[in-house]
Structures are given as C-alpha cells and as structure tokens.
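So the structure is just underneath, and the comments pick up after that.
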Amino acid sequence: MNGAGPVIGFWALAALTLVAAGGVMVSRNLFHAVLFLIVSFVGIAGFFVLLSAEFLAMAQIVIYVGAISVLILFAVLLTPRAGRDNGETAVFPAAALLAVALAAVFLFVIYDADWATITSSPDVSVQAIGDALLDIWVVPFEIASVLLTAALVGAIMLVRTPEEEAEDALA
Amino acid sequence: MSALFLVTIGIENFLAVGALLFALGFAIALSKRNAIGVLMGVELMLNAVNLTLLTFSRFSPSDRPVAGATFVVFVITVAAAEAAVALALAVSVYRNRDTVDVDKINLLKS
C-alpha cells in the first residue's frame, strides 16, 4: 500500500486510535473515558475503510459508535451513586507488566514472520458479504440471530426490579 | 526498514496497531476498578481483534476472500450481545450492592 494518501491516513489513524485508547487508560473520569473510547472506535472504522471494507466500516460506526457507546453511557448514568472514578485496582503494576510483555511478544512475531501477502484488494463488497452470509454461512447467521434474541431477553430480565416482577406475576 | 518503513504501509503496520490496541485493552480490562471500565477494555480488545482479522483478510492469499469480513460481522454481533448482557449485569449488581467497584463485589470471598 503506497502513495501519500493511504500512508498519511494510516499514521494519522494509528495515532488517533492509540492515543484515544491511551486516554481510556489514563483519564480519571469514567465519563471522559467513554468519550475517548468513542474516538477510538471511529479510528478503527477509518482503518476498515483503509482496508477496503466499507460495509464493515459503516457497521462499526452504526454498532460501536452508535449503539454500544450509548449503552455504555447509559450504564454510567444508571449507576449514579457508584462514583465516576476510573481508577485502577492494586493489580495495576502486574497488569501493565503483563500487557507490555504481551505487546512485545506480538510485535516480535509480527516483524519476525515472513507474511505471504497479495497486492490487490479482495472483493469484500456488501454483495459478496450478503451472498456469503445467506449461502455458505447461513447456519451461523441464523444462530447469531437466536443469540441476539436471547441476549435481548436476558438483558431485559436482568434489569427488572422486584416491583416489576410482582406486577408481571399478577397479570 | 528506516525511511522505507514510514512510506510503505504493509501488513506489519496494521498488525502492530492491532497488537498495541489489544495490549492496551488487556491492561485496561485487568486493572480498572469500575466494572464499566473493565467492559471498555474488553470492547477495545474485541476491536483490535476485528482489525487484525480484516488485515489478514485484506493481505493474505485466500480461496475465499470474503471469509474474514464475514467472520468480523459475527464478532461484531456477538460483541453487541455481550455488551448488552454485561451492562445489564452491572446495573443489576449496582441495584443490589450500590456499587460497581470490582474490589467491593467479593461475596464469594471467605
């Protein structure tokens, strides 16, 4: 992948995504951490565009930036007395050490391995993904829809208050 | 390497961003005190994995090039379901214990 556009785009997106992810780590206010997380999601969507996966970039914006971020914001707002502190537990030094070791191993493998690569971009258009989902992967596709229904019902059941359960028992 | 390293973007660059993002999400998920903070780390890790999957899908020779993108669709679906249930659990725990601090949710501790 050469040319000024993709190269500048890549480094800008890499900086945006990683700095925003670092912001989730260092910001002391949970609300600010969520906002940094949204920026990081947008950066990932940019990477998807750079990788010629426009449909997935759109799905990333709609699902992560749109739905999951709002869900996390709702969870923050629904737990008002729990505090907005985004601090670390006592295991932070060990966790940081483990993460650095993990990153070191990953980076060593990534730069050491001789990856077999192609230059032309494969066809991952909306039509190709749609055909694949309803052809070869139709069974996983249906299972995913059952999983989503189960998660929806499960989430509603989990957040019901005892009063609401008593009302339903009477009905 | 050196100058060419900055002006040519290859599979290694994308994989490196994915690896660093995964490591950051890993550190966040392990070390945050607020349960919602832990969940944000998990979401970052899932995003890093999606980025890595799509990188391999874009750069690797394959008989079925659309497989990587399709798998990312499933990962996003499962991640959405996971986020909904995990946040419902956090709200449920908050209602019962008035906290989502993972240090204070220790009912099973003897």
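Quick caveat, the model's predicted, so the values are computed rather than measured. Each chain gets a letter, A, B and so on, in the order the sequences are listed, and its residues count up from 1.
For the atom pair CZ of A:F106 and CZ of B:F22, the computed distance is 5.5 Å after rounding to the nearest 0.5 Å. Note that the CG atom of A:L102 and the CZ atom of B:F26 stand 5.5 Å from one another [nearest 0.5 Å]. Rounding to the nearest 0.5 Å places OG1 of A:T89 at 5.5 Å from CG of B:D103. For the atom pair CZ (B:R58) and CG (A:L50), the distance works out to 9.0 Å, reported to the nearest 0.5 Å. Of the inter-residue distances, the one linking B:T77 atom OG1 with A:F141 atom CZ reads 8.5 Å to the nearest 0.5 angstrom.
The contact between B:A79 and chain A is made by backbone and side chain atoms together, counting heavy-atom distances below 4.5 Å. For B:R64, the part lying near chain A is the side chain, with the backbone staying farther off; criterion is any non-hydrogen pair under 4.5 Å. Neither the backbone nor the side chain of B:V93 comes within less than 4.5 Å of any heavy atom of chain A. Heavy atoms of B:L15 lying under 4.5 Å from chain A belong to its backbone as well as its side chain. With a threshold of 4.5 angstrom between heavy atoms, A:D131 does not approach chain B through any atom at all. For A:S120, the part lying near chain B is the backbone, with the side chain staying farther off; criterion is any non-hydrogen pair under 4.5 Å. Both the backbone and the side chain of B:N47 come within contact range of chain A, each with at least one heavy atom under 4.5 Å from a heavy atom of that chain. Looking at B:S62, there are no atoms closer than 4.5 Å to chain A (heavy atoms on both sides), in backbone or side chain. Proximity to chain A (any heavy atom under 4.5 Å) is shown, for B:L89, by both the backbone and the side chain.
In the hydrophobic cluster analysis, where Ile, Leu, Val, Met, Phe, Trp and Tyr join through side-chain heavy atoms closer than 4.5 angstrom, A:Y111 is grouped together with B:I11. Under the 4.5 Å side-chain heavy-atom criterion for ILVMFWY residues, no single connected hydrophobic cluster contains both A:V49 and A:V42. Linking Ile, Leu, Val, Met, Phe, Trp and Tyr residues whenever their side-chain heavy atoms come within less than 4.5 Å leaves A:I110 and A:V105 in two separate clusters. Taking hydrophobic clusters as Ile, Leu, Val, Met, Phe, Trp and Tyr residues chained together by side-chain heavy-atom distances below 4.5 Å, A:L133 shares a cluster with A:V126. Both B:M40 and A:V65 are members of a single hydrophobic cluster when ILVMFWY side chains are connected at heavy-atom separations under 4.5 Å.
Among A:G154, A:P140, A:A103, the residue with the largest count of heavy-atom pairs under 4.5 Å with chain B is A:P140. Comparing B:T99, B:N50, B:D101, B:L46 by heavy-atom pairs within less than 4.5 Å of chain A, the highest count is held by B:N50. Each of A:I68, A:I129, A:L78 has some count of heavy-atom pairs under 4.5 Å with chain B, and the biggest count is that of A:I68. Taking chain A as the reference chain and counting heavy-atom pairs below 4.5 Å, the highest number among B:I28, B:L39, B:T55, B:V91 is found for B:I28. Your options are A:I8, A:T17, A:N86, and the one with the most heavy-atom pairs under 4.5 Å with chain B is A:N86. Your options are A:L158, A:I118, A:L148, A:V124, and the one with the most heavy-atom pairs under 4.5 Å with chain B is A:I118. When each of B:A90, B:A67, B:G18, B:A48 is scored by its heavy-atom pairs under 4.5 Å with chain A, the top score falls to B:A67. The choice from B:V102, B:V73, B:D98, B:L20 that makes the most heavy-atom pairs within less than 4.5 Å of chain A is B:D98. Comparing B:G25, B:S60, B:A29 by heavy-atom pairs within less than 4.5 Å of chain A, the highest count is held by B:S60. Here A:T79 is the residue among A:T117, A:T79, A:V34, A:L98 with the most heavy-atom pairs under 4.5 Å with chain B. For the options B:I36, B:V78, B:V85, heavy-atom pairs under 4.5 Å to chain A are most numerous at B:I36. Chosen from A:A94, A:A155, A:S121, the residue pairing most often with chain B at heavy-atom distances under 4.5 Å is A:S121.
For the side-chain hydrogen bond (donor to acceptor under 3.5 Å, both in side chains) test, no residue two or more places apart in sequence or in another chain qualifies with B:E43. In this view, B:E12 satisfies the salt bridge (charged side-chain N to carboxylate O under 4.0 Å, His left out) rule with no residue, not counting sequence neighbours.
Ion pair A:E88/B:K32 flagged as a salt bridge, since at least one NZ, NE, NH1 or NH2 atom sits closer than 4.0 Å to an Asp/Glu carboxylate oxygen.
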Open item on the list: Would A:L51 and B:L51 count as a side chain to side chain contact (heavy atoms under 4.5 Å, CB included) here? Give the steps.
Closed with: CA-CA 9 Å; A:L51 290 166; B:L51 178 60; 4.0 Å; yes

TODO: Report the C-alpha distance between B:F71 and A:W137 in whole Å, list the side-chain angles of each, state the deciding distance to 0.1 Å, and finish with yes or no for ring-ring contact (aromatic ring centres under 6.0 Å, His included).
DONE: CA-CA 10 Å; B:F71 200 70; A:W137 289 292; 9.0 Å; no

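Counting heavy atoms from C-beta outward, B:N13 and A:W11 have side chains that approach closer than 4.5 Å. Counting heavy atoms from C-beta outward, A:V159 and B:L87 have side chains that stay 4.5 Å or more apart.
Of all heavy-atom pairs spanning B:V17 and A:A14, the tightest one is CG2-CB, 3.8 Å. Heavy-atom minimum distance, B:L44 versus A:A21: CD1-CB, 4.0 Å. Counting all heavy atoms, side chain and backbone alike, B:L30 lies closest to A:V91 at O-CG2, 3.6 Å. Residues A:A95 and B:S31 come closest through the heavy atom pair CB-CB, 4.0 Å. Closest of all the heavy-atom pairs between B:L21 and A:S40 is CD1-OG, 4.2 Å. Minimum heavy-atom separation, B:S57 to A:P122: O-CG, 3.4 Å.
In this structure, A:Y64 contributes its side chain and B:I76 its backbone to no donor-acceptor pair below 3.5 Å.
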